[in-house]
Asks: 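To start, I am sharing the structure in question, which I have written as structure tokens.
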Amino acid sequence: MFNKDYVKKLCDLAYIQIDETQAEKLSEELESINNAVQVVDEVKDKTDIKTVNPLKLTNVFRPDKLSIFLEENASGDCQQMQKNDFAKSCFANLPLATNASDFKQEVIKSAPNSLDGQFVVPKILGDD
Amino acid sequence: MNEKITTASVEQLINWQKNGEVSAELITKSFLDKIQQLNPELNAYITVCDGSNDFPSALDTAKKIDQMRVSGEKLPQMAGVPIGLKDMICTRGIETTGGSQILKTWVPPYNATLAQKIIDNCMPILGKHNLDEFAMGSTNEFSGFGPVKNPLDTSKVPGGSGGGSAASVASGMSILAVGTDTGGSIRQPSAFTGTVGFKPTYGAVSRFGVLEMSSSLDQPGPVARSVLDSAYLFDIIKGYDPKDSTSQPFFSSKDCSSTAQTVKQAQARISDQPLKGVRIGVIKELTGEGFETGVLDNFKQTVRLIEDLGGSVDEVAIPMQKYALSAYFLIMPAEVSSNLARFDGVRYGQRVERENMSVADMTRETRGKFFGNEAKRRILLGTHILSAGYYDAYYGNALKVRTLLQEELKEHFSKYDFLVSPTAPTVAFNLGEEITDPMTRYSADIATVTANLAGYPAISIPNGLSENLPTGFQILGSAFKDNEVYALAGVLEEVMKQQGVKQGGK
């Protein structure tokens, strides 16, 4: 089932570039794992109940109001940090964000490429 | 003095600081010295917070704690006890890589809830522990930052994925660590290194800010050298967190008492038949075929010990155990493939960049170049599992196994207090062993995945040596019985110590 072409198709779907040698090796490995895990087929008629989460969950709600994600988070985060003097003093050598725009800068700073507080990606539209 | 500090217990470090015998600075410095001495060989840390880089220095934190103590400020109990964190846990201002080259250079702008709790408790962060890439592996050889060596025998692996944390704690490069356990990533490395590893009930410790591998299975937990040390750390990191919708309110409620106190009380009462009335089931499927003789011999010895201490022991069958590993290797890659989709080269970490490339090519090449082989295998497997036409046969049936396994365990827990087994079928493997079939390695998780699939708490404690390498004894409890699991672990540890069982830890 996991011939090289199928592996390449999966790579396309998962956005992963591989070369011929890798495709060869992956096709053997995936075949072996796939054969081993198929044993779960034996339980298909034993229950209809599918357990996605192991324990009972309670929903968590927040007020349904419009906000800008990063800015909202920044104010919450900063308030929490101000509250705790130790956390503040511990990390005092960091440029601690005290307002939304500084926090946004901190988020953007870790991106591989950014400009004016925005993520930069390769061009997605044609020239014309 | 340095050696005395790096081999001390949590209570000793707390008391020595209170008495003024040692300062928080000296404690942190002792561990940083140990790291400087051992880490080049063992590679247990990816990042060390020693002030030599842009990240906040653990020494500065320690100095502040000393100042606060001198000026008479009230400090939390664990103040000045340093810690290392698995590099899956987001730390504000400290690089967090998940063990992957794709996230190298990423500095999180926020703390994971558990990291914030550690900071709030004035525990200096020594650094970030090495791991298999995104916590996927059982040897630590799949780390994007080089393999970790087992401190007890450097020709062996420390287990995985939390090999860095286990090796660090076992070798005295830290006293405590927080790991994450998806299929055994805290417990199996503990078994391989002679440390204590605990996977709490799913939802006991917040996953907010912990890089996600398989969200319905992941659970952070403590790594330590003793059950009591581990309990002290668990008391700090457990608790309800509204930022994690899978967090359980029980762990912040009145009914959830101090784990450290529970362990101390249990260990204080070991003189006379401490396990009288305790019912233990030995998991039949995890004590036979595929398990090394040395591992089984040690296991049986501890089971006899339980009987000597007054416990009643029966063998129990979990027929669904046969399917557990397969269900795990379906659910986990499915969740991995969607969780790792966020690494697209746009928002964090590294990316491949050249002139005139399309967004799709950028993402493909970035993921192709910076993901390691194991990450690729699991993403592709997950992509296959979730594709139309296969979904029900694979993922659907795996979820049914989860239902049935939980039913069987519930049934057992109506008759038994604990289920026990060896933590791993073998002792630590050779480093760099050529493995052609990935399933060979995956079977290292055979005894540990059950707890994750069910969401139940399980601990691994050192259980004597085989071939001069540590083995682990695993105790599985019912949901929310974390303290009970700790109590039994504490009793067994203490009695083994009194009987002089050699564990090989440092």
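Here is how names work: the chains are called A, B, and so on, in the same order as the sequence lines, proteins then strands, and each is numbered from 1. The shown structure was predicted, so the numbers you read here are calculated from the model rather than taken from an experiment.
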Asks: May I ask you to decide if B:V107's main-chain N or O and A:S110's side chain share a donor-acceptor pair within less than 3.5 Å?
Replies: yes
Asks: Which bit of B:Y328 comes within less than 4.5 Å of chain A, counting heavy atoms only: side chain, backbone, both or neither?
Replies: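 For B:Y328, neither part sits under 4.5 Å from chain A.
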Asks: Please give me the minimum heavy-atom distance between A:P112 and B:V346, naming the atom from each residue.
Replies: CD-O, 3.3 Å
Asks: Taking A:L30, A:I33, A:D19 one by one, which has the highest count of heavy-atom pairs under 4.5 Å against chain B?
Replies: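 Ranked by contacts with chain B, first place is A:I33.
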Asks: For the OH atom on A:Y15, are there more than 12 heavy atoms of other groups (residues, nucleotides or ligands in this structure) within a distance under 6.0 Å?
Replies: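 Result for OH/A:Y15: open.
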Asks: A:P54 and B:S216: which non-hydrogen atoms are nearest, and at how many Å?
Replies: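 Shortest heavy-atom separation between A:P54 and B:S216 comes out as CD-O, 3.6 Å.
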Asks: Please classify the contact between B:A360 and chain A as side chain, backbone, both or neither, with a heavy-atom cut-off of under 4.5 Å.
Replies: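 For B:A360, heavy atoms of backbone and side chain both lie under 4.5 Å from chain A.
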Asks: So, the side chain of B:R347 versus the backbone of A:F119: is there a donor-acceptor pair under 3.5 Å, distance only?
Replies: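 Answer holds: no.
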Asks: Going by heavy atoms in the side chains, are B:N373 and A:Q22 under 4.5 Å from each other?
Replies: yes
Asks: With a 4.5 Å cut-off on heavy-atom pairs, point out which of B:G368, B:A341, B:S326 contacts chain A the most.
Replies: B:S326
Asks: Any chance you could measure B:L380, atom CG, to A:I16, atom CD1, to the nearest 0.5 Å?
Replies: 5.0 Å
Asks: Looking at B:M320, B:Q248, B:K369, which makes the most heavy-atom pairs under 4.5 Å with chain A?
Replies: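 If we count pairs closer than 4.5 Å to chain A, B:Q248 comes out on top.
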Asks: Can you say whether B:E353 sits under 4.5 Å from chain A via the side chain, the backbone, both, or neither, judging by heavy atoms?
Replies: side chain
Asks: Of the non-hydrogen atoms in A:P122 and B:M357, which two are nearest, and what is the gap between them?
Replies: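 So the minimum-distance heavy-atom pair works out to CB-O, 3.1 Å.
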Asks: Of all of B:V401, B:L405, B:L340, which one pairs up most often with chain A through heavy atoms under 4.5 Å apart?
Replies: B:V401
Asks: Please find the pair of heavy atoms, one from B:Y394 and one from A:Q38, that lie closest to each other, and give the distance.
Replies: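 Heavy atoms only, the tightest pair is OH-NE2, 3.3 Å.
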Asks: Let me know if B:S358 has heavy atoms under 4.5 Å from chain A in its side chain, its backbone, both or neither.
Replies: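 The backbone, not the side chain.
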Asks: Within the distance-only criterion (no hydrogens, no angle test), does the side chain of A:K50 pair as donor or acceptor with the backbone N or O of B:G396 below 3.5 angstrom?
Replies: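 No: the side chain of A:K50 does not pair with the backbone of B:G396.
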Asks: With only heavy atoms counted, which part of B:Y390 is less than 4.5 Å from chain A, the side chain, the backbone, both or neither?
Replies: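 Looking at B:Y390, just its side chain touches chain A.
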Asks: Using a 3.5 Å distance criterion without hydrogens, assess whether the side chain of B:T403 forms a donor-acceptor pair with backbone atoms of A:I49.
Replies: yes
Asks: Could you point out which residue of B:L399, B:N397, B:I331 forms a side-chain contact (heavy atoms from CB on, under 4.5 Å) with A:V40?
Replies: B:N397
Asks: Just verifying a value: how many Å separate B:L381 CG and A:F2 CZ, rounded to the nearest 0.5 Å?
Replies: 6.0 Å
Asks: Looking at A:L26, A:I18, A:N113, A:V121, which has the largest count of heavy-atom pairs under 4.5 Å with chain B?
Replies: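 Most pairs with chain B among the choices: A:N113.
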Asks: Which atoms of B:Y240 are under 4.5 Å from chain A, going by heavy atoms: the side chain, the backbone, both sets, or neither?
Replies: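 The answer is the side chain of B:Y240.
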Asks: Under a 4.5 Å heavy-atom cutoff, which of A:V43, A:D41, A:V39 has the most pairs with chain B?
Replies: A:V43
Asks: Return the minimal non-hydrogen interatomic distance between B:Q406 and A:T51, and the atom names on each side.
Replies: OE1-CG2, 4.2 Å
Asks: Can you tell me which of A:D12, A:N34, A:L13 forms the most heavy-atom pairs within a distance under 4.5 Å of chain B?
Replies: A:N34
Asks: Please classify the contact of B:T105 with chain A as side chain, backbone, both or neither, using a heavy-atom distance under 4.5 Å.
Replies: backbone
Asks: What distance separates A:K9 NZ from B:S387 OG, expressed to the nearest 0.5 Å?
Replies: 6.5 Å
Asks: Could you tell me the separation between the CG atom of B:D361 and the CD atom of A:Q17, rounded to the nearest 0.5 Å?
Replies: 7.5 Å
Asks: To the nearest 0.5 Å, what is the distance between CG on A:N53 and OH on B:Y202?
Replies: 4.5 Å
Asks: For A:E29 and B:P438, indicate whether the former's side chain and the latter's backbone hold a donor-acceptor pair under 3.5 Å.
Replies: no
Asks: Side chain, backbone, both or neither: which part of B:A479 has an atom under 4.5 Å from a heavy atom of chain A?
Replies: side chain
Asks: If I take atom NZ from residue B:K376 and atom CG from residue A:L10, how far apart are they, to the nearest 0.5 angstrom?
Replies: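 It comes to 14.5 Å.
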Asks: Is any side-chain heavy atom of B:E407 closer than 4.5 Å to one of A:K46?
Replies: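 When only atoms from C-beta onward are counted, B:E407 and A:K46 do not touch, as no gap falls below 4.5 Å.
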